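Numbered from 1 within each chain, the chains take letters A, B, ... in sequence-line order. Keep in mind that what you see is a predicted model, and the values were worked out from it rather than measured.
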Amino acid sequence: MLEVEGTFAGRFGFIVAVLKVEGDIPVAELDDNTGFAVFPLAYQAVVFRPFKGEVLDSVVTKVTEHGFFAECGPLTVFVSHYSIPSDMNYKFIDDEPTWKGSEPEDDIVKDVSVRLRIIGLKIEATEISATATIQDPYLGRLD
Amino acid sequence: MAEVPREAVEFARRLVRAFYPDEFVVLMDAVLRQNNFVSHRDLAHRLRMQPKEMRQVLVRMEHARLMHRDKREQKRITIRDGKKQTRAIQTDYWYVPLAEMVDAFMYRVWRITKELDEKRRNVAERQKYICTRCGAEFQLIDILAGSRPDGQFECTNMNARALPCGGLIREQDNSAQIREMERLRNMIEDELRTLRERADHCSRLEIPRHPLEGADEKTWGEHVPETVGAHGERVDEDGIDLQLKGEHGEGKNDPDVMVIEPIPRERKDDAFIPEKPSWFKEGGGEEEEEWDDTEQHVLDNKAGTAASFAREEDEKAYYDMYVQQIYGTATPSQDADASKTANEAAVDLDGEDEVVEVVAENEKETTEGAQAEDDKQDAMVSVAGKMTKLSEVTTEMEEQMTAEEYAAYFALSQPNNSADEDDDEFE
């Protein structure tokens with residue numbers, strides 16, 4: 001369980017938590033390289049798989065002049081400055097990069113919660129990349 | 001005819017002037033001036049244009065959904081030689097579909113604005129990034145893998161040595177495209193405001209779908225449905241593409257697909273055919289023999305062969321039978337073949353039973369005059385000064401007769417109901 005939790009399983013998405021193992025534990029197979037016994041198991045798990053157009057709540061991790069990075073659990077999402085409303089500008093406030101909006105409660109800095117909508121997804125074997133937007137109504141900073 | 005709101009007509013005239021060439025404007029004005037329903041010939045006459053040339057422009061307008069064609073069939077009664085004849089004449093009429101024009105304009109404007117908004121969003125969302133070192137182009141989603149701690153992105157494109165490029169990525173300037181999109185969007189809003197307001201007003205009016213709604217069909221003729229649509233597809237009477245309706249059986253068992261079978265047209269009665277003569281064969285004329293290119297057949301067809309002689313004999317016997325029916329007397333050739341029976345003489349004719357019937361009828365008809373006929377045959381005629389029985393006169397003897405002798409002979413050889421009976425009728 002510790003091996004698979006938190007990993008990316010391809011088309012299933014991220015494995016968040018293993019619920020139970022289905023069936024009996026089968027006979028193991030020996031791995032010639034390491035000498036370990038490998039048990040092929042079927043299990044039920046809670047997975048997280050993002051979809052295009054999905055609205056997610058995230059936490060901002062990094063703010064740059066090109067946009068900002070946010071994390072939705074195991075998924076890292078990038079919001080480009082083209083997907084940020086045009087009334088917000090990039091500034092340095094108290095030596096902290098900030099996307100400043102028309103009102104103080106709209107400013108986007110590190111560690112704030114932001115609601116965004118996924119507009120692009122790139123699913124590979126070992127990782128997944130996503131881009132999002134906050135231009136639509138009811139998107140942007142939450143708290 | 002249906003009453004058309006003036007606002008709809010005005011909208012159509014403004015619309016065609018705004019977007020379409022001058023020839024469209026001229027034709028549309030001409031049609032609208034004629035109560036929005038005019039025949040093709042009348043329109044060409046009024047505009048002093050060649051009908052063919054005008055039709056090319058009208059077809060283009062029809063493709064642009066600015067004009068509709070209506071084919072009408074009218075009954076025209078003509079009197080020729082004192083007889084009344086009814087002819088069905090098809091005429092093309094043109095009219096402007098005002099209700100459809102309003103709907104089409106509103107839909108097109110909505111579609112254009114929607115596409116511009118989509119393009120504007122796509123230009124922003126699909127921002128391109130370019131590597132300053134190798135010049136490779138990336139989408140935003142592709143550069144995330146090369147993000148650096150300082151927030152910049154570096155190129156992950158593999159070079160010839162299978163090493164990542166590592167150059168700094170900057171975004172491509174697409175502000176010009178975005179400005180262009182916004183300019184077009186604003187232009188549509190500003191310049192089409194008047195037309196959109198008029199279209200919005202017309203959409204709330206009651207505009208008839210067809211200018212002849214409520215009109216008398218006797219006056220304007222019966223509508224002839226088109227079988228070919230504006231773009232060459234096969235359509236039914238309502239102009240619906242037959243393929244969508246499952247013309248060939250697609251969706252036959254699908255309850256959601258409505259398949260409508262065309263109503264067969266009533267066929268006109270066949271022209272009156274007079275009573276046929278007794279010798280007319282049913283089922284058409286004589287059956288023609290299939291042409292045979294074999295040598296024997298070619299030889300048979302050439303004159304002078306035995307087969308051709310036999311054919312001539314057949315024709316002669318047929319002719320004799322015809323004359324006998326008409327005149328009731330035997331021809332000289334029949335006398336020459338008196339030894340042959342009637343059936344043998346007509347052996348090559350089809351319908352041997354009919355021939356027998358004909359002969360039987362002739363015999364029945366001539367029962368009363370049979371005795372008189374016998375008396376006639378015993379009459380004497382002069383042939384080159386010699387008295388001979390009428391029944392014994394041959395063709396050679398006829399050639400030996402003088403003109404007076406031949407006239408007397410001819411008078412005697414006429415049928416019984418000739419001169420005397422005619423005189424009785426007129427008395």
Whether B:Asp200 and B:Arg204 form a salt bridge (side-chain N of Lys/Arg under 4.0 Å from carboxylate O of Asp/Glu) is what I want to check.
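Judged by the 4.0 Å cut-off on N to carboxylate O distance, B:Arg204 and B:Asp200 do form a salt bridge.
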
Please state whether the side chain, the backbone, both or neither of B:Arg148 comes within less than 4.5 Å of a heavy atom of chain A.
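Just its backbone gets close to chain A.
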
Counting only non-hydrogen atoms closer than 4.5 Å, does B:Leu144 touch chain A with its backbone (N, CA, C, O), its side chain (CB onward), both, or neither?
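The answer is the side chain of B:Leu144.
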
Rounded distance [0.5 Å steps], OH in B:Tyr129 versus CD1 in B:Ile169:
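Result: 9.5 Å between the selected atoms.
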
Tell me if the CD atom of A:Glu22 is crowded by more than 12 foreign heavy atoms within 6.0 Å.
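Buried by this count: over 12 neighbours within 6.0 Å.
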
With a cut-off of 6.0 Å (strictly less than), are more than 12 heavy atoms of other residues, nucleotides or ligands near CD of A:Glu29?
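Atom CD in A:Glu29 is not crowded, with 12 or fewer foreign heavy atoms closer than 6.0 Å.
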
Region of A:Lys122 that comes under 4.5 Å of a non-hydrogen atom in chain B
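Contact with chain B: backbone and side chain both.
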
Relative to chain B, which segment of A:Phe69 carries a heavy atom at a distance below 4.5 Å: side chain, backbone, both, or neither?
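When you check distances to chain B, only side chain atoms of A:Phe69 fall under 4.5 Å.
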
